[in-house]
Amino acid sequence: MPAPAHAQRHPPLGGPTPPPFTATLSNNTPLAFGMDAGDAARALGVPLNYIRGRPGNEIFLAFRDLGGSGLFPHRHRLYLQFRGGRLAGWKGDWGHNWMWQ
């Protein structure tokens, strides 16, 4: 008799429930609108580099090392826009892969 499919298994009766998928990720503190620069840096786990803007309305750049093939490291660039000292948006920049030009 077919059984229903589930994304996560049910815990054993009376046993502990498994954590949700997002809790098992290495970065389980996501970026959120309204964070200040310190909160965003802690969530990403990297320092923020000032790009431009007046105090409170800056653009910062975060470099995240995502590993790579071992031969070529992969550094992900993430731009963060702050308005009024709070995170208003972010954008990833993957740039051009110099090997395929």
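Fair warning: this is a prediction, and the values are worked out from it, not measured in the lab.
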Identify the two heavy atoms, one from [X] and one from [Y], that lie closest to each other, and give their separation to 0.1 Å.
X   : Y   : answer
M35 : A43 : CE-CB, 4.1 Å
L48 : A37 : CD1-O, 3.5 Å
R86 : G34 : CD-O, 2.8 Å

Quiz prompt | Those residues that, when tested against F33, pass ring-ring contact (aromatic ring centres under 6.0 Å, His included) (two or more places apart) | solution =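 Applying ring-ring contact (aromatic ring centres under 6.0 Å, His included) to F33 gives W90.
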
In residues 51-61, what donor-acceptor pairs under 3.5 Å come from side-chain atoms, sequence neighbours left out?
{"unit_1": "N57", "atom_1": "OD1", "unit_2": "G84", "atom_2": "N", "d": "2.8"}
{"unit_1": "E58", "atom_1": "OE1", "unit_2": "G56", "atom_2": "N", "d": "3.4"}
{"unit_1": "E58", "atom_1": "OE2", "unit_2": "G56", "atom_2": "N", "d": "3.0"}

Self-check item: Sub-4.5 Å side-chain heavy-atom contact between F63 and V46
Solution: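 Not touching, per the 4.5 Å side-chain cut-off.
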
Practice problem: Nearest 0.5 Å please: distance from the CG atom of L87 over to the CG atom of D39. | Solution: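 Here the interatomic distance stands at 10.0 Å.
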
